[in-house]
Amino acid sequence: MVGYETHDYDVLVIGAGGAGLRAAIEASAGGAAVGVVTKSLLGKAHTVMAEGGIAAALGNVDDRDNWKVHFADTMRGGQYLNNPRMAELHAREAPARVRELEAWGALFDRTRDGRILQRNFGGHKYPRLAHVGDRTGLEMIRTLQDHGVHQGIDVHMEHTILTLLKDGERVAGAFGYDRQRGRFKLFRARAVVLATGGIGRAYQVTSNSWEYTGDGLSLAYHVGATLMDMEFVQFHPTGMVWPPSVRGILVTEGVRGEGGVLKNSQGRRFLFDDIPPLYKEQTATDPDEGWRYTQGDKSARRPPELLTRDHVARCIVREVREGRGSPHGGVYLDIAWIKEKLPNAAEHIKKKLPSMYHQFKQLADVDITREPMEVGPTMHYMMGGVRVDADTQMSDVPGLFAAGECAAGLHGANRLGGNSLSDLLVFGKRAGEHAACFARERGGVAVSEDEVEAAARRALEPFERTSGEGPYQVQRDLQAMMQNWVGIVRRGDELRQALDALAALRGRAANVSVGGNREYNPGWHTALDLESLLTVSEAVARAAIERKESRGAHFRDDYPQKDEAYATFNILVRRGADGEMRVERAPRPAMSPELQQIIEEMK
Ligand SMILES: Cc1cc2nc3c(=O)[nH]c(=O)nc-3n(C[C@H](O)[C@H](O)[C@H](O)COP(=O)(O)OP(=O)(O)OC[C@H]3O[C@@H](n4cnc5c(N)ncnc54)[C@H](O)[C@@H]3O)c2cc1C
């Protein structure tokens, strides 16, 4: 018998980022006894890193903005593969969620007349991102935490969930361990909300923190939930490229929103060379107009640097591949040039982009008020995730909900910047509300002790092996393979090679061994993360093979065009009865006539 401690909740929330905290607050307000589990400390979840802002059509800076424009922008950005109902709810409800955050104490930057200030961001027609300098996520997490702690929510910090448990068809809780002492914990719960974030650590170059190993997606997949849109992995165009120790760290789009321009080694703004026909009308063709746009001139068109992330990222890759890159394999991002336009440019940059100023000064010894930054694409965000019902956020498994980055549907083939923080609030709230309701209506659950014992024994296996390799090399090889073969530019033959490589890596992972004991043991933690990394990597590779076209964040070198036959369905990934991964196509959810009309009008 392996010992474990048991906790009982109505609603268990896995993850303490924006989505998890918002879900916990709402479930608790609905009368549920709520437990939150997080791999790291409260306040350290990935959401804290969000910089640029939160998208909501408040119309404070440009009164032409409203939910319909936001809805249409989100659908266009997602290449119409988004779940239209989710995009509608998101656009309609985001303003109320931002105002609510303000009422709970969030201090946003202000307009001259005291309203919440909003900034430009790629793909958004009007200035729409409410922000706090470039530290918006920090303010959001601080506010949600302050609000949440007064609700009597139990928080289990530094705990990792390893498996979900079921009672018949229904979810019944989760099993995991405390990362410091290595002790096992059973969380029995009538409903579970997954809010575990993304999968960045499946790649070598990423803006994501160590927590992002795709756990929520893998946990859901293994108990029978469906994953969707797994081929759509967003590479942010601007991550740091130098020095090597900081490669991948995000350089916020806010830099371009404030007037930063991208140049190649010849000093040319190469994005002017290649404006996609879809965006020709809205994109400036001369630098002055682009600058006027970033300064809030409503008659001007936006600069090409604010085109969608996938497009900008691919243009950067092209410049580097064709020999026009910077010395360390990126291109130049220049905000210092604005001194030609603004007398107090240095102060302005430090005020609007304080984190960026310090990040480059401290990590790369670059003063961004005087010299350009070197930047290149970095894996940033996962559009794919657990398929959920648009209104309730419940997955295909009764009682299992998902919200935030680990859920799929809102962003389609590509996410617009700023739409994640609003996603967390809108759908975190909905998940919490419906999970509490489910728990209330469906009553208690039973958990099989044998199942718990088996999960505990599986977790301890790496200690029992004495001859296997360590987990770090397997993790590194997986990340390098995904970067090379399932990265920003894909090809059928390489994707198939990736599947073979994953099968080999799975064999190695099943054989890893770790030394020491269960007390804070990073090697053991890494060994246990491998299952999630392998599962989500395989799902991405299989979905990418299935989509034989290029759309949004998914680019196939062997099928470089969009194929309208592929615009009609989403790709699903499920676990077959034989335990093998299956890929299916599901017709895209239908759009209501009202939403259809909005799209037509906005075109
Ligand atoms: C540098 C950076 C800047 C960004 N800037 C913006 C921006 O300006 N605007 C915007 O809209 N989006 C931005 N994003 C994206 C956005 O921050 C994320 O998509 C969002 O914060 C995800 O929130 P979440 O609540 O889904 O997950 P997270 O905030 O990552 O929280 C996940 C939680 O799950 C926990 N967890 C994971 N696995 C387990 C497990 N097995 N057991 C227990 N707990 C687990 C983690 O410990 C964590 O508490 C940015 C992302 C990055 C990396």
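Order of listing sets the numbers, starting from 1, for every ligand and every atom in it. Along the sequence shown, the residues carry numbers beginning at 1. All figures in this text were calculated on a predicted structure; none of them were measured in a lab. The analysis underlying the following values was restricted to heavy atoms, covering all of them including side chains, and did not include hydrogens, waters or symmetry mates.
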Engineer: With a 4.0 Å cut-off on heavy atoms, is Gly176 in contact with ligand 1?
Structural biologist: no
Engineer: Please identify which atoms of ligand 1 are closer than 4.0 Å to at least one heavy atom of Leu250.
Structural biologist: 1 (C), 2 (C), 3 (C)
Engineer: Just which atoms of ligand 1 are under 4.0 Å from any heavy atom in Met49?
Structural biologist: 1 (C), 2 (C), 3 (C)
Engineer: Do the side chains of Asp529 and Arg201 get close enough for a salt bridge, i.e. N-O under 4.0 angstrom?
Structural biologist: no
Engineer: I would like to know whether Asp146 and Thr143 meet side chain to side chain donor-acceptor pair (under 3.5 Å); could you show each step before the answer?
Structural biologist: CA-CA 5 Å; Asp146 284 359; Thr143 307; over 6 Å; no
Engineer: Between Ile54 and Leu425, is there a side-chain heavy-atom distance shorter than 4.5 Å?
Structural biologist: yes
Engineer: Heavy atoms only, cut-off 4.0 Å: how does Leu424 contact ligand 1, side chain, backbone, both, or neither?
Structural biologist: side chain
Engineer: Pick whichever of Leu41, Asp215, Thr196 has a heavy atom sitting closest to atom 36 (N) of ligand 1.
Structural biologist: Thr196
Engineer: Which protein non-hydrogen atom lies closest to atom 4 (C) of ligand 1, naming both residue and atom, and how far is it?
Structural biologist: Ala50 CA, 3.3 Å
Engineer: Please state whether Gly18 comes within less than 4.0 angstrom of ligand 1, counting heavy atoms only.
Structural biologist: yes
Engineer: Taking a cutoff of less than 4.0 Å between a non-hydrogen atom of the residue and any ligand atom, is Gly417 in contact with ligand 1?
Structural biologist: no
Engineer: So, regarding Asn208 and ligand 1 (criterion: nitrogen or oxygen to nitrogen or oxygen, under 3.5 Å), is there a contact or not?
Structural biologist: no
Engineer: Between Lys39, His411, Gln234, flag the one that comes closest to atom 44 (N) of ligand 1 by a heavy atom.
Structural biologist: Lys39
Engineer: Which heavy atom of the protein is the closest neighbour of atom 9 (N) of ligand 1, given with residue, atom name and distance?
Structural biologist: Gly53 O, 2.9 Å
Engineer: Should His380 be listed as contacting ligand 1, given a heavy-atom distance under 4.0 Å as the test?
Structural biologist: yes
Engineer: Could you check whether Glu461 pairs with Arg458 (Lys NZ or Arg NE/NH1/NH2 to Asp/Glu carboxylate O, under 4.0 Å)?
Structural biologist: no
Engineer: Which protein heavy atom lies closest to atom 34 (O) of ligand 1, and at what distance to 0.1 Å?
Structural biologist: Gly15 CA, 3.1 Å
Engineer: Between ligand 1 and Ser420, is the shortest N or O to N or O distance under 3.5 Å?
Structural biologist: yes
Engineer: Answer yes or no: is there an ion pair linking Arg119 with Glu258, defined by an N-O contact shorter than 4.0 Å?
Structural biologist: yes
Engineer: Using a 4.0 Å cutoff against the non-hydrogen atoms of Ser207, which atoms of ligand 1 qualify?
Structural biologist: 53 (C)
Engineer: Parallel, tilted or perpendicular, judged at 30° and 60°: which one describes the rings of His90 and Phe427?
Structural biologist: parallel
Engineer: Output the list of atoms in ligand 1 that are nearer than 4.0 Å to some heavy atom of Ala19, sorted by atom number.
Structural biologist: 25 (O)
Engineer: Only heavy atoms of His159, strictly under 4.0 Å: list the atoms of ligand 1 that pass.
Structural biologist: 42 (N), 43 (C)
Engineer: With atoms numbered from 1 as shown, which atoms in ligand 1 lie under 4.0 angstrom from a non-hydrogen atom of His46?
Structural biologist: 28 (P), 29 (O), 30 (O), 52 (C), 53 (C)
Engineer: Just heavy atoms, cut-off under 4.0 Å: does Asn419 contact ligand 1 by side chain, backbone, both, or neither?
Structural biologist: backbone
Engineer: With a 4.5 Å heavy-atom cut-off, do Tyr381 and Glu405 have their side chains touching?
Structural biologist: yes
Engineer: Is the ring centre of Tyr212 less than 6.0 Å from the ring centre of His46?
Structural biologist: yes
Engineer: I'd like to know whether ligand 1 has Gly418 as a neighbour, heavy-atom separation below 4.0 Å.
Structural biologist: yes
Engineer: Quick one, Ser355 with Asp134, criterion side chain to side chain donor-acceptor pair (under 3.5 Å). Give me CA distance, side-chain angles, the key distance, then yes/no.
Structural biologist: CA-CA 6 Å; Ser355 299; Asp134 55 5; 2.9 Å; yes
Engineer: Of the side chain and backbone of Thr160, name the one, both, or neither that has a heavy atom under 4.0 Å from an atom of ligand 1.
Structural biologist: both
Engineer: Below 3.5 angstrom, do we get any N/O pair linking Leu421 and ligand 1?
Structural biologist: yes
Engineer: Look at the side chain of Asn120 and the backbone N and O of Gly257, then say whether any donor-acceptor pair between them is shorter than 3.5 Å.
Structural biologist: no
Engineer: Taking atom 22 (C) of ligand 1 as the point of reference, which of Tyr212, Tyr381, Trp210, Phe121 owns the nearest heavy atom?
Structural biologist: Tyr212
Engineer: Relative to the heavy atoms of Ala195, which atoms of ligand 1 are at a distance of less than 4.0 Å?
Structural biologist: 31 (O), 32 (C), 33 (C), 34 (O)
Engineer: Looking only at distance, does Gly52 have an N or O less than 3.5 Å from an N or O of ligand 1?
Structural biologist: yes
Engineer: Counting heavy atoms not belonging to Lys361, are there more than 12 under 6.0 Å from its NZ?
Structural biologist: yes
Engineer: Does the N or O separation between Leu219 and ligand 1 drop below 3.5 Å for any pair?
Structural biologist: no
Engineer: Can you confirm whether Lys44 is buried at NZ, in the sense that more than 12 heavy atoms of other residues, nucleotides or ligands lie under 6.0 Å from that atom?
Structural biologist: no
Engineer: Would you say the side-chain atoms of Ser420 and Asp423 include a donor-acceptor pair closer than 3.5 Å?
Structural biologist: no
Engineer: Should the pair His7 and Tyr9 be assigned to parallel (<30°), tilted (30 to 60°) or perpendicular (>60°) ring geometry?
Structural biologist: parallel
Engineer: Parallel under 30°, tilted from 30 to 60°, perpendicular over 60°: which one fits the rings of Trp104 and His147?
Structural biologist: parallel
Engineer: Compute the ring centroids of His525 and Tyr520, then answer whether they are less than 6.0 Å apart.
Structural biologist: yes
Engineer: Any idea which part of Met140 is under 4.0 Å from ligand 1, heavy-atom wise: side chain, backbone, both or neither?
Structural biologist: neither
Engineer: Does ligand 1 have an atom under 4.0 Å from some heavy atom of His236?
Structural biologist: no
Engineer: Compute the minimum heavy-atom distance from Ile14 to ligand 1 and say whether it is under 4.0 Å.
Structural biologist: yes
